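First comes the structure, then the notes that go with it.
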Amino acid sequence: MRRVTVLKGETEKTALDQAVEASGLEWTYLAPVEFMSNALEWAESVRDEGVVREAFPDVRSAMIHDADIASVAAAALTADGHAGREYWLTGPEALTAPEKARVIGAVLGRDVRYVELGRDEIVARWREQGFSDEDVEFFLTMRTNPPEAGYTVLPTVEEVTGRPARTFAQWVRENAAAFGG
């Protein structure tokens, strides 16, 4: 039996999806919301200044640990019952940027402040980082009008793997060195 998992970033069916479905392989789509590893973009400012700078403080994200995505992929590739399924993958909590800053601080055992950036400031940062106009528009949409799937905690990881999804605090502990911990 030949199986494949596809990490999806689009909600609509793509040419890749059509090719996978026509391939004769047993396919499973994995659709994670925000990766916890995205928080590494704050590592330098947390390490050097004890600060997380981010816009849109009220937007929640049900971020997922990269290892949970891998665990679901491994299950889909090695066990029966996953063919033709699409799994939306989340962590066990939906957090705002200020809440993420508090978690980072708690894990590191020091104060980490949240500093709110305005819309223009965050857009300028993304442009400095080399993101295209299309990327910037996508980022703004995800932060100003996120789809319900982006902040809705789902039990998918536990249902597929038999163990609960990892928390953001667990991820921070595993990556504490990057933040100066």
Side-chain angles (χ1 to χ4, degrees), residues 5-11 28-79 82 86-117 122 125-126 129 131 135 138-143 146-181:
T5 60
V6 177
L7 190 63
K8 292 194 52 91
E10 302 287 331
T11 53
T28 306
Y29 294 137
L30 307 179
V33 298
E34 182 184 3
F35 290 40
M36 289 180 185
S37 58
N38 287 353
L40 287 171
E41 73 182 64
W42 302 329
E44 184 177 341
S45 65
V46 169
R47 190 173 53 247
D48 297 347
E49 306 169 70
V51 171
V52 166
R53 287 182 183 82
E54 191 61 60
F56 312 109
D58 298 326
V59 176
R60 295 190 174 283
S61 174
M63 301 178 306
I64 184 157
H65 194 298
D66 303 43
D68 287 331
I69 299 168
S71 294
V72 171
L77 292 169
T78 60
H82 304 286
E86 179 172 280
Y87 292 129
W88 283 85
L89 305 176
T90 73
E93 58 207 340
L95 301 174
T96 64
E99 290 168 337
K100 294 172 198 175
R102 282 193 290 279
V103 170
I104 293 168
V107 170
L108 298 179
R110 59 187 166 95
D111 198 34
V112 174
R113 291 179 303 117
Y114 172 78
V115 174
E116 182 178 352
L117 298 179
I122 195 69
R125 184 168 85 183
W126 292 330
Q129 293 170 336
F131 289 104
D135 290 333
F138 173 77
F139 296 157
L140 284 172
T141 298
M142 290 299 106
R143 285 165 175 84
E148 188 175 338
Y151 54 82
T152 302
V153 173
L154 299 172
T156 313
V157 171
E158 187 166 8
E159 289 172 353
V160 174
T161 68
R163 59 158 210 74
R166 294 165 178 92
T167 65
F168 185 59
Q170 288 173 287
W171 180 89
V172 174
R173 275 192 295 279
E174 294 166 9
N175 294 277
F179 295 95

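Starting from 1, each residue takes its place in the sequence as its number. No experiment lies behind these values; they were computed from the predicted model shown.
Here the side chains of Phe35 and Asn38 are in contact, with some heavy-atom distance below 4.5 Å. Looking at Pro92 and Thr167, their side chains come closer than 4.5 Å, going by heavy atoms from C-beta outward. At a threshold of 4.5 Å between non-hydrogen side-chain atoms, the residues Arg110 and Val46 count as touching. Leu140 places a side-chain heavy atom less than 4.5 Å from the side chain of Phe56. The shortest distance between side-chain heavy atoms of Leu89 and Asp68 does not fall below 4.5 Å. At least one side-chain heavy atom of Phe179 sits under 4.5 Å from a side-chain heavy atom of Leu40. With a 4.5 Å cut-off on side-chain heavy atoms, Phe168 and Ile104 count as touching. Counting only heavy atoms from C-beta outward, the side chains of Gln170 and Met36 never approach each other to under 4.5 Å.
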Test Ile64 against Val157 for side-chain contact (heavy atoms from CB on, under 4.5 Å), laying out the working first.
-> CA-CA 9 Å; Ile64 184 157; Val157 171; 3.8 Å; yes

Report the C-alpha distance between Arg60 and Glu99 in whole Å, list the side-chain angles of each, state the deciding distance to 0.1 Å, and finish with yes or no for side-chain contact (heavy atoms from CB on, under 4.5 Å).
-> CA-CA 9 Å; Arg60 295 190 174 283; Glu99 290 168 337; 2.7 Å; yes

Before giving the answer on side-chain contact (heavy atoms from CB on, under 4.5 Å), spell out for Trp42 and Lys100 the whole-Å C-alpha distance, their side-chain angles and the decisive distance to 0.1 Å.
-> CA-CA 11 Å; Trp42 302 329; Lys100 294 172 198 175; 3.7 Å; yes

Could you go step by step and tell me if Thr28 and Tyr87 meet the side-chain contact (heavy atoms from CB on, under 4.5 Å) rule?
-> CA-CA 8 Å; Thr28 306; Tyr87 292 129; 3.6 Å; yes

Pair Asp66-Arg166, salt bridge (charged side-chain N to carboxylate O under 4.0 Å, His left out): steps then yes or no = CA-CA 9 Å; Asp66 303 43; Arg166 294 165 178 92; over 6 Å; no

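Taking every heavy atom of both residues into account, Leu108 and Gly181 meet most closely at CD2-CA, 3.6 Å. Heavy atoms only, all atoms of each residue included: Ala149 and Thr90 are closest at O-CG2, 4.3 Å. Taking both residues in full, the closest heavy atoms of Val107 and Ala169 are given as CG2-O, 3.8 Å, listed atom of the first, atom of the second, then distance. Contact between Pro57 and Thr96 at its shortest, heavy atoms only, is O-CB, 3.2 Å. What you find for Tyr151 and Pro146 is that their closest heavy atoms are CE2-O, 3.7 Å. Taking every heavy atom of both residues into account, Arg163 and Ser71 meet most closely at NH2-OG, 4.0 Å.
Note that CH2 of Trp88 is 8.5 Å distant from NZ of Lys8, once rounded to the nearest 0.5 Å. With values rounded to the nearest 0.5 angstrom, Arg102 atom CZ is found 9.5 Å from Leu95 atom CG.
Within a 6.0 Å radius of CD in Glu49, other residues, nucleotides and ligands contribute more than 12 heavy atoms. Shown here is Arg47, whose CZ atom has more than 12 heavy atoms of other residues, nucleotides or ligands within 6.0 Å.
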